[in-house]
Amino acid sequence: MKLACAQSDLNLHLNLVSRVVPSRPSHPILANVLVQADAQNQQVSLTGFDLSVGIQTSFAAQVETGGTITLPARLLNDIVSRLPDEELSLDGGTEADSTVTLACRSGRYEVRGMEASEYPELPTVADEAPAQLSVEMLVEGLKGSLFATSADETKQVLTGVHLTTAPDSLEFAATDGHRLAVVHAVSTAEGEQTAPVDLDVTVPGKTLRELERMLQQYSTAAAIALRLDAGQVIFELGQQRLTSRLLE
């Protein structure tokens, strides 16, 4: 792997995926972020996954040699966040040597990674037409419902938000057993469908809080694609993908 990218790009996207990297992973490789460099498309993809919630994001870079490696998320994040806003280079991460050298004008850092073959794959869903949800609907619904979710993990279903579709709206419902919040979010965008499929799912509050943060950085008005499979939900925001298990 050999590539060059802007510190601001790497820092922004690394911060995003690091949020779902567990602090006490059940397996050592889950403390790492998956780095994939694509020379053909000149793109770098970063993935964080805790086996429940996963985030994948991509950004443009100058990729001379493609490759895949996993690197310690916290260490890499600490290094990159303290570097000046200039071009960075990453080199290394071969099968023979998993060490990656991160270099800029102010210094060089060597980070030892782990082979990507051990990293779990993010869940995928069948290639069917996704539901299309407007940004304003999601922002309105999440803002009005997430505060009412429970923090008690012994009552799993109360930690999530229940999403159901109506002919002209998307309903968000949440309760912690003492208070109840129900939001009927309606899209005002002309010609934009609420969802071409019926939704009747409960999504973990942790997942939706990450979605809320991602929407704050979402710079276009394009609809968010939502894909469902048995026990899984995937939100697609341009070059970013958020995947999560559903609550029963």
request  = Evaluate the criterion side-chain contact (heavy atoms from CB on, under 4.5 Å) for residue pair Ile224 and Leu138; output intermediate values, then yes/no.
outcome  = CA-CA 9 Å; Ile224 307 303; Leu138 286 171; 3.7 Å; yes
Would you say [X]'s side chain and [Y]'s backbone share a donor-acceptor pair under 3.5 angstrom?
{"X": "Tyr119", "Y": "Val33", "value": "no"}
{"X": "Glu86", "Y": "Arg105", "value": "yes"}
{"X": "Ser18", "Y": "Asn15", "value": "no"}

Do [X] and [Y] have side chains that approach each other closer than 4.5 Å (heavy atoms only, starting at C-beta)?
{"X": "Gln62", "Y": "Glu87", "answer": "yes"}
{"X": "Leu242", "Y": "Val53", "answer": "yes"}
{"X": "Leu30", "Y": "Pro120", "answer": "yes"}
{"X": "Thr202", "Y": "Val161", "answer": "no"}
{"X": "Thr164", "Y": "Leu199", "answer": "no"}
{"X": "Glu212", "Y": "Leu146", "answer": "yes"}
{"X": "Val135", "Y": "Tyr218", "answer": "yes"}
{"X": "Glu210", "Y": "Ile55", "answer": "yes"}

Do you know the tightest heavy-atom contact between [X] and [Y]?
{"X": "Ala116", "Y": "Thr70", "answer": "CA-CG2, 3.8 Å"}
{"X": "Phe235", "Y": "Leu237", "answer": "O-CD1, 3.9 Å"}
{"X": "Val186", "Y": "Met137", "answer": "C-CG, 3.7 Å"}
{"X": "Met1", "Y": "Val35", "answer": "CE-O, 3.7 Å"}

task = Evaluate the criterion side-chain contact (heavy atoms from CB on, under 4.5 Å) for residue pair Phe172 and Leu208; output intermediate values, then yes/no.
result = CA-CA 11 Å; Phe172 296 73; Leu208 294 178; 5.7 Å; no
inquiry  = Testing Glu121, Gln56, Arg241 one by one against Thr47 for a side chain to side chain contact (heavy atoms under 4.5 Å, CB included), which residue passes?
reply    = Gln56
message = Please identify which of these residues, Val203, Leu133, Ile234, meets the side chain to side chain contact (heavy atoms under 4.5 Å, CB included) condition with Leu226.
response = Leu133
Are a donor atom and an acceptor atom from the side chains of [X] and [Y] found within less than 3.5 Å of each other?
{"X": "Thr149", "Y": "Arg209", "result": "yes"}
{"X": "Thr68", "Y": "Gln36", "result": "no"}
{"X": "Ser52", "Y": "Asp50", "result": "no"}
{"X": "Asp152", "Y": "Ser150", "result": "no"}

Using 0.5 Å steps for rounding, measure from the [atom1] atom of [X] to the [atom2] atom of [Y].
{"X": "Gln232", "Y": "Ser244", "atom1": "CD", "atom2": "OG", "result": "7.0 Å"}
{"X": "Leu12", "Y": "Leu46", "atom1": "CG", "atom2": "CG", "result": "10.0 Å"}
{"X": "Leu34", "Y": "Ile29", "atom1": "CG", "atom2": "CD1", "result": "8.0 Å"}
{"X": "Leu14", "Y": "Gln7", "atom1": "CG", "atom2": "CD", "result": "10.0 Å"}
{"X": "His178", "Y": "Leu158", "atom1": "NE2", "atom2": "CG", "result": "9.5 Å"}
{"X": "Leu247", "Y": "Gln156", "atom1": "CG", "atom2": "CD", "result": "6.0 Å"}

ask   = Within a radius of less than 6.0 Å around CZ of Arg74, do more than 12 heavy atoms belonging to other residues, nucleotides or ligands occur?
value = no
message = Tell me whether the count of non-hydrogen atoms from other residues, nucleotides or ligands lying under 6.0 Å of CZ in Arg179 goes above 12.
response = yes
query = Does the side-chain contact (heavy atoms from CB on, under 4.5 Å) test come out yes or no for Leu75 and Ile79, once each step is laid out?
reply = CA-CA 6 Å; Leu75 176 61; Ile79 294 173; 4.1 Å; yes
key: Trace of the side-chain contact (heavy atoms from CB on, under 4.5 Å) decision for Ser45 with Asp38   = CA-CA 8 Å; Ser45 173; Asp38 187 342; over 6 Å; no
Single-linkage hydrophobic cluster Val44~Leu122, side-chain heavy atoms < 4.5 angstrom = no
